[in-house]
Amino acid sequence: MRRDIFFIACTLLLAGQAGTMVAQDIYRVGDLSSEDLNGTARFVGMGGALGALGADMSVMSSNPAGIGLFRSSDVSLTGGIVRHADASSFAGRNAAVASFDQAGFVYAIPVGGKTVRYFNMGFNYHKKKNFHSLFGGGLSGLDNMGDYSGISQSWEMANLAYWDGGPLDLTVDADGNMSPDFDLTTPVTGMGALTQTIAPYYDENGKLAGYDPSYAVSNASRVARWGGIQQYDFNFSTNLKERFYLGLTLSAYHVDWHNVTSYGEVLVDGDNNYGDYALNAEESLTGSGFDVKFGLIARPIEESAFRMGLSFTSPTFYTLTHSAYAWMASPYTDADGIPYSQDVEVSPHDYLVRTPWKFNFSLGHTIGNFLAIGAEYEYSNYATAKIRYSDGYGDYWYDGWSDYSTTDDYALNDEINRYMKGVSTFRIGAEARVADGLFIRAGYNYVSAPMDDEAYNNLFTNSPSYYYSVSTDYLNLGATNRYTAGIGYRGKHFYADVAYQYQQQDGKYYSFYVSQDNSALNALPAIPVKLNRHQGLLTIGYKF
C-alpha cells in the first residue's frame with residue numbers, strides 16, 4: 001500500500017526534544033484524587049463505615065480520632081486477591097493478582113488521668129489505590145456510520161497539525177532534519193506525518209495547505225494498567241473523659257502507575273486497498289506525596305454509646321515523574337516498498353499535583369455487645385485539583401514562558417475545573433456478634449462519578465504538557481457501587497478476619513477524540529467498559 005509523498009522520513013528525532021515537559025491529563029488527576037475501599041478485612045467487611053466507631057487500624061486514614069478508642073496495643077497484617085470479572089490477560093498482566101493490602105500497629109499508653117485516659121500512637125500501611133485493570137474493545141463498520149464514515153485516529157492528528165490557524169510544516173529535508181514546527185504539536189501527530197498516516201497537500205501556488213487523514217473501516221484497542229498508590233500513616237490520638245476523641249494522622253504516599261495501550265485500525269485508500277495501522281504506547285508515573293488528617297469523635301449523650309465523627313484531610317501534594325514511549329506503524333510505503341514506522345521516547349520529567357480537600361462526617365452506635373452500626377458521608381471536589389511545574393515552564397498563553405520557580409498549568413487546570421466534579425461517597429456497615437468471639441459483617445458503598453459525561457482528553461489547549469503526550473485515549477468512569485461482607489473471630493489475644501468485596505463500575509472508553517458538529521461531543525462511538533472486580537481479604541492480628 002502506497003501514498004504519494006514528497007520526502008523519505010528518517011528516524012524520529014523527537015526523543016531528545018520531548019524531555020522538556022511532562023505529558024499529563026485530567027484523567028491522571030482523577031486517579032490520584034480517588035481511592036479504593038481497602039485496609040483490614042474488618043474495615044472492608046463493614047464497608048469502611050468505621051469513622052465514628054473507631055478501634056480499627058484502617059480508620060487512621062478515614063478518621064484519625066478512631067485510634068483513640070484502642071484500649072490495648074494491637075498489630076495486624078492483611079493480604080488478599082483481586083480479580084477482574086470481565087477481563088482477559090494482556091501485556092503480561094492477568095485478570096487475577098495477589099495483593100499485600102495492610103500492615104500496622106497501635107501502641108496504647110495508659111495515662112491514668114481523670115481527663116486524659118490514654119495516649120495512643122500508631123502506624124499503618126495500606127494500598128490506597130490499586131491501578132490493576134484490563135479493558136478494551138473494538139468497533140467495526142466505521143465506514144458505514146453516516147456522517148462519520150471512515151473515522152480514524154489520523155483525523156485527530158490532522159486537526160492537531162495546525163498552530164494559530166495555519167498548518168504546521170511537518171516535513172523532513174533531504175539531510176533528515178525535521179522542521180521546528182514538530183515542537184508545536186504532539187509526538188503522535190509528528191509520527192503520523194512521518195509515517196504518512198497524515199499526508200501534506202498543497203494549494204495551486206505550491207504552499208502547504210493542510211494534511212489529508214486516513215480512513216478506517218474498523219478499530220480495536222487493548223489497555224493494561226498496573227501499580228498502585230501506597231499509603232503510610234503515622235497517627236497520634238487521645239481521649240477526653242471517654243467522651244471526646246482527638247486524632248492527627250500524617251500520611252506519606254508512593255505512586256507507581258504504569259499503562260500499556262495497543263491500538264490498531266484497518267485503513268482503506270481510494271481504490272479500496274486495505275492495510276493495518278498500529279500505535280503502541282507505554283507510560284509510567286512515579287513519585288511521592290504527603291498530607292495531614294485531623295479527626296474528632298464525640299459522644300454527645302454521656303449515657304449513650306451513640307457517636308458522631310468529623311474529619312478533614314488536607315490536599316495531597318504530589319511530586320511526580322512521568323516517562324513514556326510510543327511506536328507507530330502505517331501500511332504506507334516508501335519508494336522501496338518498505339512500510340513506514342517511527343517511535344518516540346519522552347524523557348522523564350517532574351511536575352506537581354495538588355489534590356482537593358476531603359471532608360468526612362460519620363455516625364456510629366453500638367447496642368450492648370452484640371451489634372455495631374456505622375454510616376458516613378464524604379465529599380471531595382475534584383474540580384479544585386491543580387497541576388504545577390517546578391522548572392520554570394508554565395502556560396504560554398498566560399505566562400509567555402517566563403522564568404520562575406513554579407507556575408500553574410492554567411490551561412490544564414481550566415480543563416480540570418470544567419470537566420471534573422464534586423465526588424460524594426456514602427458508606428454504611430454493620431457488625432453482629434453471633435456467638436462468643438464470632439462476628440459477621442456487611443456493608444455498602446456508593447461513590448458518584450468523578451467526570452462530566454462530556455469530558456475528553458483535550459489535546460487542543462495551550463497546556464505545554466500536551467505537546468509531549470503519547471496518549472490520545474481516555475476513559476470516562478461512571479459511579480461506583482461496592483458490596484461487602486465478612487466474618488471474624490476474636491480471642492483473648494489473637495484474632496482473624498475474612499472479607500469479600502464486589503466492586504461494580506462502568507465506563508466509556510474512547511481511543512481518540514474528533515469533534516462532533518464542532519461541539520465537545522466525540523464523533524467516535526464509545527466502547528462500553530466494565531471494571532467490575534472481586535476482592536478477597538484475610539487479616540490476622542494480635543492484641544497485647
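Quick note: residue numbers are just sequence positions, from 1.
In this structure, the side chain to side chain contact (heavy atoms under 4.5 Å, CB included) partners of Leu248, at least two apart in sequence or on a different chain, are Leu250, Val292, Phe294. Scored by the salt bridge (charged side-chain N to carboxylate O under 4.0 Å, His left out) test, Lys530 finds Asp506 as partners (sequence neighbours excluded). Phe123 is linked by a ring pair (Phe, Tyr, Trp, His ring centres under 6.0 Å) to Phe234, counting only residues two or more places apart in sequence or in another chain. With sequence neighbours left out, Asp473 forms a side-chain hydrogen bond (donor to acceptor under 3.5 Å, both in side chains) with Tyr509. In this view, Tyr419 satisfies the side-chain hydrogen bond (donor to acceptor under 3.5 Å, both in side chains) rule with no residue, not counting sequence neighbours. Applying the side chain to side chain contact (heavy atoms under 4.5 Å, CB included) criterion to Glu454, with sequence neighbours excluded, gives Asp452, Ala520, Leu521. The side-chain hydrogen bond (donor to acceptor under 3.5 Å, both in side chains) test applied to Ser262 returns Asn280, not counting sequence neighbours. Considering only residues two or more places apart in sequence or on other chains, Arg441 meets the side-chain hydrogen bond (donor to acceptor under 3.5 Å, both in side chains) condition with Glu431, Asp497. Under the rule for a side chain to side chain contact (heavy atoms under 4.5 Å, CB included), the partners of Lys386 that lie at least two apart in sequence or sit in another chain are Arg354, Asn413. Listed by chain and residue number, nothing satisfies the salt bridge (charged side-chain N to carboxylate O under 4.0 Å, His left out) test with Arg83 (two or more places apart in sequence, or in another chain). Remark: Ser362 pairs with Ala52, Asn63, Asn360, Glu376 by the side chain to side chain contact (heavy atoms under 4.5 Å, CB included) rule, at least two apart or across chains.
Considering CE of Met451 and NZ of Lys508, their distance stands at 14.5 Å, rounded to 0.5 Å.
Around atom CG of Asp453, no more than 12 heavy atoms belonging to other residues, nucleotides or ligands sit under 6.0 Å away. The local environment of OH in Tyr500 is crowded, with over 12 non-hydrogen atoms from other residues, nucleotides or ligands closer than 6.0 Å.
Aromatic ring centres of Tyr379 and Phe359: separated by at least 6.0 Å.
Using the six-membered ring where Trp is involved, Tyr232 and Tyr125 have ring planes that are tilted, between 30° and 60° apart. Ring orientation note: the planes of Phe426 and Tyr446 are tilted relative to one another, at an angle of 30° to 60°.
A salt bridge links Arg388 to Asp408: one of the charged nitrogens lies within less than 4.0 Å of a carboxylate oxygen. The pair Arg28-Glu283 does not count as a salt bridge, with every side-chain nitrogen at least 4.0 angstrom from each carboxylate oxygen. Salt bridge status for Asp36 with Arg533: present, with a side-chain N to carboxylate O gap under 4.0 Å.
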**Asked** Between Lys543 and Ser73, does a side-chain contact (heavy atoms from CB on, under 4.5 Å) hold up when you go through it step by step?
**Response** CA-CA 6 Å; Lys543 292 182 178 290; Ser73 297; over 6 Å; no
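Judged purely by distance below 3.5 Å, without hydrogens or angles, the side chains of Thr40 and Thr539 never pair a donor atom with an acceptor atom.
In this structure, His84 contributes its side chain and His132 its backbone to a donor-acceptor pair below 3.5 Å.
Annotation: salt bridge (Lys or Arg N to Asp or Glu O under 4.0 Å) contacts involving residues 44-59, sequence neighbours excluded, comprise Arg42-Asp56.
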